[in-house]
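Numbers restart at 1 for each chain; the letters A, B, ... are given by sequence-line order, proteins then strands. Keep in mind that this is a model prediction, so the values were computed, not measured.
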Protein chains: 2
Amino acid sequence: MLLKIEFESETPIYQQIKNQIIKGIATGELAIGEDLPSVRQMAADIGINFHTVNKVYTQLKQEGWVVVHRKSGVMINPDLKAELTEDYLQTLEENLETLAAEAYLRGVSKEDFHGMIDKKYSSFIGRGRK
Amino acid sequence: MLLKIEFESETPIYQQIKNQIIKGIATGELAIGEDLPSVRQMAADIGINFHTVNKVYTQLKQEGWVVVHRKSGVMINPDLKAELTEDYLQTLEENLETLAAEAYLRGVSKEDFHGMIDKKYSSFIGRGRK
DNA sequence: TATCTGTTATATATATTATATAACAGTTCT
DNA sequence: AGAACTGTTATATAATATATATAACAGATA
């Protein structure tokens, strides 16, 4: 998987990597059970310190997105079952409200917003839970 | 307007205030032309340093949400005309994609997402640009 | 043994966030 | 004129977050 990092961005590098990996899982660009590069390899590919990648993998493991084996390295969790907790729903609603408020004030209609959602969801592969 | 700050949150205080003010404009809780508390007053109300509030007002002014007059203080910009720039649309799409990817993987359906959007938009007052 | 994994420890540098004091230049009211 | 309020600016400090640098360790593999 090709990662594109913007070093001038306000978003921290480790956060950019996390976001792109989760997007990759959703779109299927990262197959289930697929191996991710080693911390040192990915760090070398991007041109950053391996601790930054290690932070990403540690958090992704913590949140259940990946599993780790000695030597075999890090792979997308084959038993991925991200839960729809009340805490998550609350933060989602809050983030969405912030996003929607500014979008609305800038002239993005409800229909525009629906269209953007539809476009994103159409790019996701059929792996989500029902 | 009553501001609720979570001091344990990962989101910086100044960012929480900004978000709530923009939400307030969208919902109409903050009327157009309405005065906001002075930097010192709001800081005292919340129990934080006035520089933190000053940072909020400076950025809100910079982005066109408020206007500032000596003595009369800060008010919601009566000529609010937030623009739908290409840069803004791009960041909106990117933020939405990140949000949608995780939501999808956690079992939030497209219809759920639409419902959340509709709920937010129904709380916004008719002031947006067309 | 040599080489690859993730992991941990320690140290350093930089930027961000938040606070603390102080002062200044306008405006408004007494 | 003077007091009391505005936003604004300057300076300093502290805590935290982000990123890097070097080194070492334990387990797996060839």
Side-chain angles (χ1 to χ4, degrees), chain A residues 1 3-22 30 33-78 91 98, chain B residues 1 3-22 30 33-78 91 98:
Chain A
M1 185 194 191
L3 293 172
K4 293 180 181 177
I5 305 300
E6 295 181 23
F7 292 94
E8 326 82 20
S9 171
E10 297 176 9
T11 307
I13 297 175
Y14 83 95
Q15 190 65 60
Q16 293 185 46
I17 300 176
K18 276 189 69 179
N19 289 345
Q20 290 183 41
I21 288 179
I22 293 179
L30 285 176
E34 178 172 340
D35 284 333
L36 291 175
S38 74
V39 288
R40 290 174 179 82
Q41 186 60 53
M42 178 178 285
D45 290 345
I46 303 178
I48 59 176
N49 191 274
F50 81 89
H51 282 107
T52 305
V53 179
N54 193 54
K55 182 175 185 176
V56 173
Y57 283 0
T58 299
Q59 291 190 8
L60 288 175
K61 184 180 70 172
Q62 184 88 18
E63 298 165 11
W65 302 107
V66 301
V67 291
V68 176
H69 291 100
R70 292 275 175 187
K71 182 61 180 177
S72 66
V74 178
M75 67 164 62
I76 307 301
N77 192 348
T91 48
T98 301
Chain B
M1 184 194 192
L3 291 173
K4 294 181 181 177
I5 304 301
E6 296 181 22
F7 292 93
E8 325 81 22
S9 171
E10 298 176 9
T11 306
I13 297 175
Y14 83 95
Q15 190 64 60
Q16 293 185 45
I17 300 177
K18 274 189 70 179
N19 290 344
Q20 290 183 42
I21 288 180
I22 293 178
L30 286 176
E34 178 171 340
D35 284 333
L36 290 174
S38 73
V39 288
R40 290 172 179 83
Q41 184 60 53
M42 178 179 286
D45 290 345
I46 303 178
I48 59 177
N49 190 275
F50 81 90
H51 281 108
T52 304
V53 179
N54 194 54
K55 182 176 185 175
V56 173
Y57 283 0
T58 300
Q59 291 190 9
L60 287 176
K61 183 180 71 174
Q62 184 87 18
E63 298 164 13
W65 302 108
V66 301
V67 291
V68 175
H69 291 100
R70 292 275 176 188
K71 182 60 180 179
S72 67
V74 179
M75 67 164 63
I76 306 300
N77 191 348
T91 49
T98 301

Residues from residues 48-64 of chain A lying under 4.0 Å of DNA chain C - heavy atoms: A:Phe50, A:His51, A:Asn54, A:Lys61
For a quick test of reading the model, state the closest non-hydrogen atom pair linking B:Pro78 to B:Gly33 and the distance between them.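 Heavy atoms of B:Pro78 and B:Gly33 come nearest at CG-CA, 4.4 Å.
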Mind listing the closest non-hydrogen atom pair of A:Leu36 and A:Ile21 along with its distance?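 Closest approach of A:Leu36 to A:Ile21: CD1-CD1, 4.3 Å.
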Between B:Gln41 and A:Tyr14, which has a closest nucleotide on DNA chain D that is more 5'?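 So the residue in question is B:Gln41.
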Outermost DNA chain D nucleotides near chain A [under 4.0 Å, heavy atoms]: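 Result: D:dT18 to D:dT29.
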Side-chain atoms of residues 40-48 of chain A: list all donor-acceptor pairs with protein atoms under 3.5 Å, sequence neighbours left out, distances to 0.1 Å.
unit_1  : atom_1 : unit_2  : atom_2 : d
A:Gln41 : NE2    : A:Asp45 : OD1    : 2.9

Contacts of [X] that satisfy side chain to side chain contact (heavy atoms under 4.5 Å, CB included) - sequence neighbours left out:
X       : value
B:His69 : B:Val67, B:Ser72
A:Thr11 : A:Ser9, A:Gln15, A:Gln16
B:Asn49 : B:His51, B:Thr52

Using a cut-off of 4.0 Å between protein heavy atoms and nucleotide atoms, how would you tag nucleotides 25-30 of chain C 5' to 3' with B, S and -? B-SS--
Donor-acceptor check, side chain of [X] to backbone of [Y], threshold 3.5 angstrom: yes or no?
X       : Y       : value
A:Asn77 : A:Trp65 : no
A:Glu34 : A:Met75 : no
B:Asn19 : A:Thr98 : no

Check the distance between C:dT5's P and A:Met42's CE and give it to me in whole angstrom.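 One finds 12 Å between P of C:dT5 and CE of A:Met42, rounded.
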Measure from CD on A:Glu8 to P on C:dT16 and round the result to the nearest Å. 14 Å
Restricting to salt bridge (charged side-chain N to carboxylate O under 4.0 Å, His left out), what partner residues turn up for A:Lys18, sequence neighbours left out? A:Glu63
